[in-house]
Protein chains: 2
Amino acid sequence: MNLKQLSELLGLSQTTVSRALNGYPEVSEKTRKKVEAAAKQHNYTPNTRARGLATGRNHAVGHVIPLSTEHEVVNPVFTDFIAGASEVYSRENYDMHLTVVPDASESDAYRKIAAKGSVDGVIVHGPKENDPRIKLLREIGMPFVVHGRSGSTDEQEYSWVDMNNTRAFERATQFLLDLGHRRIGLLNGLETMDFAAKRRIGYRTALEQAGVTEDNTLCYSSEMTEEYGFSATTKMLALEHPPTALLASSIIVGFGVRRALDAADLKIGKDVSLIIHDDDLSYLRNGNSEPIYTATRSSVRQAGRICAEILMDMIVNPTRPAQHVLLDAELIIGHTTGPAPQG
Amino acid sequence: MNLKQLSELLGLSQTTVSRALNGYPEVSEKTRKKVEAAAKQHNYTPNTRARGLATGRNHAVGHVIPLSTEHEVVNPVFTDFIAGASEVYSRENYDMHLTVVPDASESDAYRKIAAKGSVDGVIVHGPKENDPRIKLLREIGMPFVVHGRSGSTDEQEYSWVDMNNTRAFERATQFLLDLGHRRIGLLNGLETMDFAAKRRIGYRTALEQAGVTEDNTLCYSSEMTEEYGFSATTKMLALEHPPTALLASSIIVGFGVRRALDAADLKIGKDVSLIIHDDDLSYLRNGNSEPIYTATRSSVRQAGRICAEILMDMIVNPTRPAQHVLLDAELIIGHTTGPAPQG
DNA sequence: CCAAACACCCAAAGCGCTTTGGCATGCCTT
DNA sequence: AAGGCATGCCAAAGCGCTTTGGGTGTTTGG
C-alpha cells in the first residue's frame, strides 16, 4: 500500500493524506481521523526512501563499530549500548544502520556513509586519543556524538557521553590501598583507547598520592579477553613479589583472573583481591541482589540511551551547542576484596 | 556531490555517468575510466535513498534482534553473528539495519519493516518452536533466512542455517557417559527456544541409549547468564545425589559453574566434569592454542557469514528454492572433564 | 450585502537516481 | 552510393513521498 493507492481509496489527494498523517493543521479533524483509520487498517507506512528523498531527512542514524584488527574482536559492550540506544530510536521511530569495519579503515567508512547520505547522524564508538574521526565528521558536517572522549581533542568542540574513567580507577586503587595493598596489578584495556589511557592515569594518581611507585611489571594492556586475564595474572603470580590485588578492566578479564587464581590455588578476596570494572551488561550481570565482584560500575546501556537522545536532539536542532555528559561510576563492594595478607 | 553535479562537471549526461559507474556496456572504455576517476576524486557515491527509489532495491538487509522480555537480555552471540554477516555485507556493498525489539512484539516489527520498504530481506534470530514469524514473512513475501530452525514448521519451506544442536549434545552426553558419569546435570537455555529444545532431545537420547533415566532435578532451563550457571550448580550440588558432570549451554553459564564449584571447593575436571557449548565468540575464546573447557564448538560468526550469503543470493535470485545448511559442532577436549569419581 | 478572511483541499514540482526509448555518428555491406 | 548495424551518447519519465503555491467554498466583519 502506498500513498497514491491510499489516497485514491479515500477519494482524497495525496497532499491531504500526507498532511493528515503528518499532523499538519490544514486538514479537518474529521478527515484526519478517517485517514488515520484507513492507514492503520491497510498497514500503511510511508516508504522510508521516498520520504527521505523528499525531506532530506532520513530518520536513521548510523553506528560504526570497529573490529579490532589485532584479534578480530568485537567489543561485547556494543550489544548493551545498542540495546540502550535502540530504546530511544524505536520511541522516536528512527532506524539504526550498523557498519562493522576493521578499525584501520574507519575514517573511510564515515566518509562513505556521509556520501551515501542515508543517515542523519552517527555515533562514534571506541574513540582513541586524538581521534581523527572527530575532525573528519566536523568537516563533513554530519551530526555525531562520541561514546567516550578523545584525549587531547578539545572536549568543548563535540558532543560526548563518557564515564569518569580516571576517577573510577583512582577510587578503586585508593580502596585497595586503604585495605593495605601495596602491590596492585593493573589489567588494563588497550591503552591506545582513550578510556584505558584515562584509567591508567587514575590508577597512577592514587598510587602517587599514597607514595607507592608504579611498577611496570604489574601493568598490562591488551584486548579485554578472558584469556588475557588468565595469562597476565599467571605471569604476575610468578613474579618474585607477586601482587596482592588486581584491577581488571572488565568482568570478562575478571573471569580470566579467577581462573588463574583458581589454578594457583589462591583464594580470591583473601589471598588476592580483585576489583573489576563492571559495564552492567545484561548477560553478564555482576550478581543479582548482591554483587559478586567488587567493582566500579557504570551502565553502558544507560550511556547508549543518553548518546541516542543527544544525537536525536542534535539532528532536530542543529544549531544547539555541543552537549557533554559525564557519568560517574559507583564503587560497589562484592566478595572479591579483603585486607592485604600479612607477610 | 550528486549525479547532476558530477555529470555537469564531466560534460556528460546523467545517463552516461550512471551507466558508466554501473558497468553498462553502452559506454566507451575511455569515458568510463574518466567518469570513474572523477567519481573517486570527488568522493561521489550514489545517494542510497534515490537509488533505492529508482531501482526498487535497497541494498540493505534487516536484522531484528529480540530483547528477552523476561530479563531484558540481549544475547551476546549477536555481536559475533553480526560481525560475520557484516563481512559479507560490506563485500557486497549492502547496508545493515538493526532493530531491537521486545520479543513479544517481534511480529509487528517485521510487518512494519516490510511496510517501510527499506530493506530487501531480513535475518530471523532466535527462532522458537513453530515460530509465527516464518509464516508472516512468507505471506509478506520478504526474503529471509533463519538462524536456527523452528521446530514443527516444515523445514523445506524456508531457508535456514543451523548447527546440529541435537547431535552435539548427544555426543557430549555420550562422552560423559563413557567417562563413567551417570548423574549428569543439564544447564540448558530457555527451552521455548528451538535450539534449547533440540539440545534437550540430544541429552535425553544419549541417556536413554545408556539406560540412564533422566532426572528432572538435574535439568535446568533459563536465560544463559553467569548467575544462572552459579545458582543452578549450587542447587544441584546441594542434592542428596549431586551430579558428577554438567553440561552448560554457553561459556558464560560455564563461568558461573566454575564459580559455584570454586565456592564449594570442588576441583573442576576432577570432582565435577563440565562440558560447555562454545559459540567461538571472539571476546570469549575458549583458550588460544589449547582449549580450556571441554566443549561442543560451532562458530556463530561463521553462521553469520553463511546466513548473509544465502540471503544475498535469495535477494538477487528470488526464484531459487530454499537453502539449508546444517553445521556440525566439533567436540573438543579441554581441561574440565575427567573420569567420574569413584564412590 | 460585499469584501476579506478562513478552512479545507488539490495539482504539480522536485528530491537523486535508474532506465526506457531514441538519436547521431561512423563503419561495413552489397 | 545507399541501406544496415553497431557504437556511444542523451532527454525524459518515473520511483513514492513532501511541499509550494494556489483554488474553492464558507464565514465573518464592516
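Each chain gets a letter, A, B and so on, in the order its sequence line appears, and its residues count up from 1. Keep in mind the model is a prediction, meaning the values are calculated, not measured. Reckoned from all heavy atoms, side chains included, excluding hydrogens, waters and symmetry mates.
If you look at B:His63 and B:Phe78, their ring centroids are not closer than 6.0 Å.
Applying side-chain contact (heavy atoms from CB on, under 4.5 Å) to A:Ile315 and the options A:His59, A:Met142, A:Arg57, A:Glu92 leaves one that passes, A:Arg57.
Of all the heavy atoms in A:Ser159 and A:Met314, the pair that sits closest is OG-SD, 3.5 Å. A pairwise comparison of heavy atoms in B:Leu281 and B:Pro76 identifies CD1-O, 4.5 Å as the closest pair.
Reading DNA chain D from its 5' end, the first and the last nucleotide to sit under 4.0 Å from a heavy atom of chain A are D:dG16 to D:dT20.
At least one donor-acceptor pair closer than 3.5 Å links the side chain of B:Ser150 to the backbone N or O of B:Asp131.
Note: CD (A:Glu29) to C1' (C:dC6) measures 17 Å, nearest angstrom. Separating the CD atom of A:Glu26 from the C1' atom of C:dA5 is a distance of 16 Å, rounded to the nearest angstrom.
The phosphate of C:dC10 (OP1 or OP2) has a side-chain N or O of A:Thr16 nearer than 4.0 angstrom.
Of the two residues near DNA chain D, B:Leu53 and B:Val27, the one whose nearest nucleotide lies more 5' is B:Val27.
Residue B:Thr55 is in sugar-phosphate contact alone, with no base atom involved, counting any heavy-atom pair closer than 4.0 Å across all strands shown. Counting any heavy atom pair closer than 4.0 Å across all strands shown, B:Arg19 reaches a base atom.
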query: When you look at B:Leu326 and B:Trp160, which way does the side chain to side chain contact (heavy atoms under 4.5 Å, CB included) test go after all the steps?
result: CA-CA 8 Å; B:Leu326 189 58; B:Trp160 49 260; 4.2 Å; yes
